[in-house]
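Report on the structure given below.
Residue numbers start from 1 in every chain, and the chains themselves are labelled A, B, ... in the order their sequence lines are given, proteins ahead of strands. It should be emphasised that the depicted structure is a prediction, and the values quoted were computed from it without experimental measurement.
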Amino acid sequence: MDYQFKDIEKKWQAFWAANQTFKADNESSKPKYYVLDMFPYPSGAGLHVGHPLGYIASDIFSRYKRLKGFNVLHPMGYDSFGLPAEQYAIQTGQHPAITTEENIATYRRQLDQIGFSFDWSREVRTSSPGYYKWTQWIFMQLFNSWYNKDADKAESIDVLVKKFESNGSAGIDAVCDDDTLSFTAAEWKAMSHDERQSELLKYRLTYLRESTVNWCAALGTVLANDEVKDGFSERGGYPVEQKKMMQWSMRITAYAERLLQGLDKIDWPDPLKEMQRNWIGKSIGAMVKFPLESRVKNQESGAEISYLEVFTTRVDTIFGVSYMVIAPEHELVQALTTPEHKAGIDACIAQTKKKSELDRMADTKTISGAFTGSYVVNPLNGDKVQVWIADYVLAGYGTGCVMGVPSGDQRDYLFAKHFNLPIIPIIDIQNIETEADPTKEGKYINSGFINGMGYKEATAAVIAKLESMGMGSGKINYRMRDAIFGRQRYWGEPVPVYFKDGLPYLIKEEELPLVLPEVDKYLPTESGEPPLARAEGWRYSADAAYELSTMPGWAGSSWYWYRYMDAQNDTAFASEKAIAYWKDVDLYIGGSEHATGHLLYSRFWNKFLKDMGLVVEEEPFKKLINQGMIQGRSNFVYRVSDAEGRGTNMFVSHGLKAQYHTTPIHVDVNIVENDILDIAKFKKWRDDFADAEFILENGKYICGVEVEKMSKSKYNVVNPDDIIERYGADTLRMYEMFLGPLEQSKPWNTNGIEGVFKFLRKFWRLFHNDAWEFSVSDNEPSRAELKSLHKIILKVQEDIERFSFNTSVSSFMIAVNELTDLKCNKRQILQDMVIILSPYAPHICEELWVLLGNAPGTLSYATYPKFNPEYLVENEFSYPISINGKTKTNINFSLSLDDKEIEDQIVAHAELQKYLEGKAIKKVIVVKGRIINIVI
RNA sequence: GCCCAGGUGGUGGAACUGGUAGACACGCAGGACUUAAAAUCCUGUUCCCGUCAAAGGAGUGCGGGUUCGAUUCCCGCCCUGGGUACCA
């Protein structure tokens with residue numbers, strides 16, 4: 001029979017499901033190996049061709065590891081809470097659970113078609129109560145914990161309470177809020193219950209704090225940065241401003257140093273580690289207090305403030321300070337502003353509120369700021385320094401307050417130039433005519449007692465001086481901020497907390513899961529409360545209301561790999577035994593776009609769970625591979641605008657669009673063929689295009705093209721379904737690998753898929769005679785056949801172990817081409833070929849495996865063939881001969897000759913004379929088995 | 001802006017540790033088989049100049065550098081993609 005991929009694939013997928021071929025056991029005499037994929041968010045667009053890229057790679061690896069004798073855990077699930085389902089719910093009224101359920105069914109069908117060796121008995125869904133019960137449970141453990149810096153780990157809050165009871169707050173070294181009180185044991189005991197709870201909240205690893213959010217008053221909701229475009233909501237185009245709001249936060253900063261140190265112990269791509277290091281942003285510097293010329297009152301806390309404190313990494317430049325800047329949202333701004341400057345300050349704050357943090361940092365061209373009218377005093381030279389506000393200073397980083405040193409910092413330089421503030425040179429070799437010079441070389445000038453010193457000496461001297469004055473000290477600062485953990489959304493895990501007298505308390509453990517209540521609409525209430533406020537009668541008790549915000553998208557994904565170890569467990573997030581067996585993830589494959597989100601939060605929760613003694617490894621993912629993103633190829637039509645700039649019904653072809661005013665509109669790539677629009681389909685595609693008219697070129701409408709992220713909203717999603725229908729899953733699997741290096745991003749195209757399909761047919765044909773009858777020979781293989789086989793045994797093994805799947809597909813092609821040329825149909829060769837190819841193309845291999853006379857289903861647990869180097873031994877090599885680095889010819893030499901012997905023969909070689917142009921040979925470089933270079 | 005990655009024929013890519021640039025495919029051109037098409041097979045295919053054949057020259061985003069030798073290492077620039085804390 002010819003290669004009937006449809007029948008074969010259906011048959012084996014059914015076989016694997018019926019026999020639970022890939023079910024992993026939680027005990028085994030084999031070594032364990034845990035291969036994890038980043039689980040997908042089940043979007044309404046279905047699985048697109050980008051998803052399987054990583055899954056195919058991990059599946060090849062899993063199948064390979066089974067062949068190598070490992071007990072492999074390879075699970076799959078769904079990260080099923082998220083914004084898109086909620087937005088869809090808002091538009092249609094459809095409950096997100098229903099949408100999600102449907103999407104998951106689609107995903108499952110699509111995944112099954114590709115022939116993955118997942119253990120589906122362990123499937124997880126973050127939105128199912130049986131799962132999020134444990135997400136809530138972990139939240140509770142965090143709430144019940146504090147970070148003890150002395151022990152350098154999280155501990156139960158009860159330990160802290162005991163310390164307070166015996167010694168008060170003395171000697172406590174915790175990661176906590178900066179407004180904790182000092183008290184004795186007696187004072188602690190004298191506190192009211194509420195006072196104690198309020199104090200403890202400042203230490204808990206999940207806690208409430210004021211955070212800035214994108215607030216859209218018109219929609220009455222908080223928006224993701226994603227939903228905000230240029231200061232307006234993407235939906236509706238309403239203005240968005242920055243607003244402060246009480247939010248749940250996670251004290252991830254407690255783990256900053258451990259998150260940083262842990263990077264050295266894991267096998268992750270260096271760029272990704274680098275991104276995390278930069279995100280954590282450890283900087284060694286100093287805190288410096290600048291006394292205020294006159295004291296002010298903090299209007300929020302009522303405290304008297306006598307100084308502004310800054311963090312700086314260049315304390316040595318303190319004599320170059322010519323102004324001070326605080327963030328526009330800094331709590332002292334109003335207090336520092338003098339009446340005559342109030343108008344300017346208020347205008348500046350209003351401007352800032354319109355910009356997101358990202359805009360503020362990205363925009364270095366517009367320099368804006370305002371003088372408050374107040375002054376501080378430089379503690380080292382007594383200079384009076386103006387206090388400004390400027391939006392390049394962020395309240396969330398450091399102290400929200402920066403000392404301006406224009407000679408050493410470019411942003412400060414531009415700011416000083418713009419507002420005519422002094423620029424003081426402080427280092428002798430500094431050149432500050434046109435820009436700042438941040439040099440650390442040279443000797444200090446204009447710098448009081450450090451004049452003449454070098455950088456290191458000066459830094460130490462300044463810190464020592466500040467410490468002796470009580471005006472500063474050395475300090476390590478992290479750029480990373482605590483993670484905001486509340487979302488004003490419906491489709492997420494409810495936070496297992498209720499409020500009584502304004503203080504948060506956990507619900508009881510036996511009350512878990514706190515199930516997401518039903519609501520009439522998925523929008524915020526008219527008064528701007530989150531959607532959960534709509535749930536009627538949903539309160540903890542008559543005098544205690546539930547927390548109304550839900551958890552962020554990353555909550556459920558921060559521990560899911562443990563759930564796979566013991567997915568059905570009802571009494572723990574995973575049993576101690578299961579965790580002790582599987583321990584951690586050996587190989588994790590996913591996109592680098594998660595570098596500073598998911599991958600950091602997961603490490604954080606893992607470290608916390610380790611501190612609690614609940615898991616055994618400090619790091620969750622031993623080895624990580626980033627698969628590249630398969631990008632979409634978007635098509636555009638160009639809508640012509642009229643004189644007033646309004647869109648018309650007329651669309652102009654790409655080549656002629658320069659003659660009109662146009663707006664590009666994404667068009668579904670499925671109604672475009674080779675960039676030519678199918679006009680009939682276009683008119684049917686959306687109602688508002690039914691009467692569209694077109695300006696064509698050469699009778700065709702040519703669409704514009706752009707490469708961007710594959711996404712439903714860009715109408716550029718390509719499903720794997722069509723490809724499977726046409727070529728089968730084995731072809732899809734091999735083609736996605738053949739497309740290029742796993743780690744590289746690339747736009748999707750199907751240009752080369754025919755070649756892969758032809759390869760599989762060619763492979764099938766090796767086992768069949770001209771009449772398509774199965775026919776293999778039991779004769780001894782020839783030396784040439786064995787050479788082809790052992791070349792591929794070695795190559796595929798090496799390639800899989802360095803995740804170079806594209807090159808092994810090429811090698812398979814070469815091997816099959818060679819065996820076809822040799823007309824090889826020897827069982828000894830072909831049986832091993834089937835095993836080697838099976839991780840890549842499992843269906844066809846299962847079929848051939850059985851045709852070869854093996855028991856069905858045993859291929860997955862067969863043994864990878866052993867490589868024998870004897871078959872590859874060569875005794876001669878055709879050396880490329882280059883003259884001054886330019887290859888001229890090839891000459892054969894025995895590989896047993898040493899460099900000197902080759903050199904002697906080269907010098908005497910007659911054939912080379914014509915290349916030497918009569919010049920003398922200066923030097924001969926022989927690289928054994930590689931190249932010979934003659935220098936003349 | 002900042003952080004990270006990438007840029008090689010008409011296309012996807014290969015060259016793993018500084019050692020023959022373009023493997024393997026796609027596409028294209030020509031041919032075989034066929035009434036025809038599909039399928040299959042064979043030959044050619046980086047560019048320029050040129051030939052019966054050859055022999056030259058250029059060439060891995062751009063400009064420099066190190067080296068006997070650079071796609072690979074270093075410096076500067078340009079372009080593209082990802083992240084930038086409420087997309088996941």
Side-chain angles (χ1 to χ4, degrees), chain A residues 2 38-41 43 79 81-84 87 211 213-214 222-228 247 269-275 277-279 281 356-365 392 396 411 480-489 552-554 557 591-598 600 626 628-629 631 707-709 711 735 738-741 743-747 749-756 758-759 761-762 765 798-799 802 804 806-807 809-814 817 878-890 922-925 927 929-936:
Chain A
D2 195 355
M38 288 185 186
F39 59 168
Y41 171 78
S43 118
D79 189 11
F81 272 135
L83 210 43
Q87 275 164 344
S211 318
V213 295
N214 300 312
V222 175
L223 296 177
N225 285 338
D226 230 38
E227 301 172 290
V228 183
Q247 294 266 38
D270 285 329
L272 197 124
K273 289 189 190 179
E274 200 54 29
M275 278 190 258
R277 280 191 197 104
N278 290 330
W279 185 267
S356 71
E357 272 189 15
L358 184 57
D359 294 337
R360 282 166 66 177
M361 288 185 293
D363 185 4
T364 50
K365 290 189 190 80
Y392 74 84
R411 269 186 322 192
M480 182 169 67
R481 312 201 287 260
D482 278 344
I484 301 173
F485 199 70
R487 300 289 184 267
Q488 284 60 49
R489 308 282 182 182
W554 54 270
S557 59
S592 66
E593 66 271 23
H594 299 283
T596 51
H598 163 64
L600 203 59
N626 286 131
M629 183 174 286
Q631 292 149 324
V707 170
E708 27 180 26
K709 214 166 161 169
S711 129
Y735 180 61
F738 188 56
L739 214 48
E743 307 192 54
Q744 194 173 298
S745 288
K746 53 234 155 189
N749 75 76
T750 51
N751 292 345
I753 199 161
E754 287 285 346
V756 172
K758 274 190 227 167
F759 157 77
R761 291 168 57 135
K762 223 168 159 178
R765 211 161 51 198
E798 284 176 351
D799 281 351
R802 64 189 173 101
S804 177
N806 57 322
T807 50
V809 177
S810 298
S811 307
F812 278 125
M813 290 174 172
I814 294 170
N817 288 345
S878 169
Y879 281 89
I881 310 295
S882 64
I883 308 224
N884 288 345
K886 293 259 172 216
T887 311
K888 297 291 179 184
T889 186
N890 282 57
K922 284 189 194 148
K923 197 169 159 191
V924 176
I925 292 151
V927 184
R930 288 258 186 217
I931 198 171
I932 294 164
N933 191 20
I934 301 168
V935 186
I936 57 171

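If you take atom C1' in B:rC4 and the same atom in B:rG56, they sit 44 Å apart, rounded to whole Å. Separation of the P atoms belonging to B:rA25 and B:rA36 is 29 Å when rounded to the nearest angstrom. For the C1' atoms, the distance from B:rU60 to B:rU8 is 4 Å, rounded to whole Å.
Distances were taken from every side-chain heavy atom of A:Asn749 (C-beta onward) to each of B:rC87, B:rC86, B:rG12; the shortest belongs to B:rG12. Closest to the A:Asn890 side chain, of the nucleotides B:rC86, B:rU20, B:rC4, is B:rU20. For A:Ala224, whose side chain is taken as the heavy atoms from C-beta onward, the closest listed nucleotide among B:rA5, B:rC87, B:rU20 is B:rC87. Ranking B:rG13, B:rC4, B:rA88 by closeness to the A:Lys746 side chain, first place goes to B:rG13.
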query = Can you give the dot-bracket line for RNA chain B, where a pair is Watson-Crick or G-U wobble with both atom distances under 3.5 Å, crossing pairs use [ ], and | marks a partner on another strand?
reply = (((((((..(((......[....)))((((((.......))))))(((.......)))..(((((..]....))))))))))))....
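A:Gln744 has a side-chain polar atom (N or O) that falls below the 4.0 Å cut-off from OP1 or OP2 of B:rG13.
Qualifying salt bridge (Lys or Arg N to Asp or Glu O under 4.0 Å) partners for A:Asp799, counting only residues two or more places apart in sequence or in other chains: A:Lys795, A:Arg802. Scanning for salt bridge (Lys or Arg N to Asp or Glu O under 4.0 Å) contacts around A:Arg481 gives A:Glu357, with sequence neighbours left out. In terms of the ring pair (Phe, Tyr, Trp, His ring centres under 6.0 Å) criterion, residue partners of A:Phe812 (sequence neighbours excluded) are, by chain and number, A:Tyr840. Residues satisfying the ring pair (Phe, Tyr, Trp, His ring centres under 6.0 Å) criterion with A:Tyr735, sequence neighbours excluded, are A:Trp748. Not counting sequence neighbours, the partners of A:Asp79 by the side-chain contact (heavy atoms from CB on, under 4.5 Å) test are A:Phe39, A:Thr126, A:Ser557. Applying the salt bridge (Lys or Arg N to Asp or Glu O under 4.0 Å) criterion to A:Glu274, with sequence neighbours excluded, gives A:Arg277. Every residue two or more places apart in sequence or in another chain that forms a side-chain contact (heavy atoms from CB on, under 4.5 Å) with A:Ser211 is listed here: A:Arg209, A:Gln247, A:Ser249, A:Ile484. Considering only residues two or more places apart in sequence or on other chains, A:Phe738 meets the ring pair (Phe, Tyr, Trp, His ring centres under 6.0 Å) condition with none of them.
No engagement by A:Arg277 is indicated, since no non-hydrogen atom pair under 4.0 Å with the nucleic acid exists. Nucleic acid contact class of A:Pro40 (heavy atoms, under 4.0 Å, all strands): none.
Looking only at distances, a side-chain donor or acceptor of A:Tyr879 sits under 3.5 Å from a matching main-chain atom of A:Gly929. Judged purely by atom type and a 3.5 angstrom limit, A:Arg761 has no side-chain atom pairing as donor or acceptor with the backbone of A:Asp2.
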task = Go along nucleotides 80-85 of chain B 5' to 3' and tag each nucleotide: B for a protein heavy atom under 4.0 Å from its base, S when only backbone or sugar atoms are that close, - otherwise.
result = -SSSBB
query = Along nucleotides 22-32 of chain B, 5' to 3', which nucleotides get a B, which get an S, and which get a -, given that the test is a protein heavy-atom distance under 4.0 Å?
reply = -BBSS------
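When each of A:Ser878 and A:Gly740 is assigned the nucleotide of RNA chain B bearing its nearest heavy atom, the one mapping closer to the 5' terminus is A:Gly740. In terms of position along RNA chain B, the nucleotide closest to A:Arg761 lies nearer the 5' end than the nucleotide closest to the other residue of the pair A:Arg761 and A:Leu223.
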Sort me out a list of protein N/O and nucleotides 65-68 of chain B N/O pairs below 3.5 Å, or just none if empty.
{"unit_1": "B:rC68", "atom_1": "O2'", "unit_2": "A:Asn933", "atom_2": "ND2", "d": "3.3"}
{"unit_1": "B:rC68", "atom_1": "O2", "unit_2": "A:Asn933", "atom_2": "ND2", "d": "2.4"}

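The base of B:rC16 does not come close enough to the side chain of A:Glu798 for any donor and acceptor atom to sit less than 3.5 Å apart.
Judged purely by distance below 3.5 Å, without hydrogens or angles, the side chains of A:Asn933 and A:Lys923 never pair a donor atom with an acceptor atom.
In this structure the side chain of A:Trp554 reaches within 4.5 angstrom of the side chain of A:Phe485, judged on heavy atoms.
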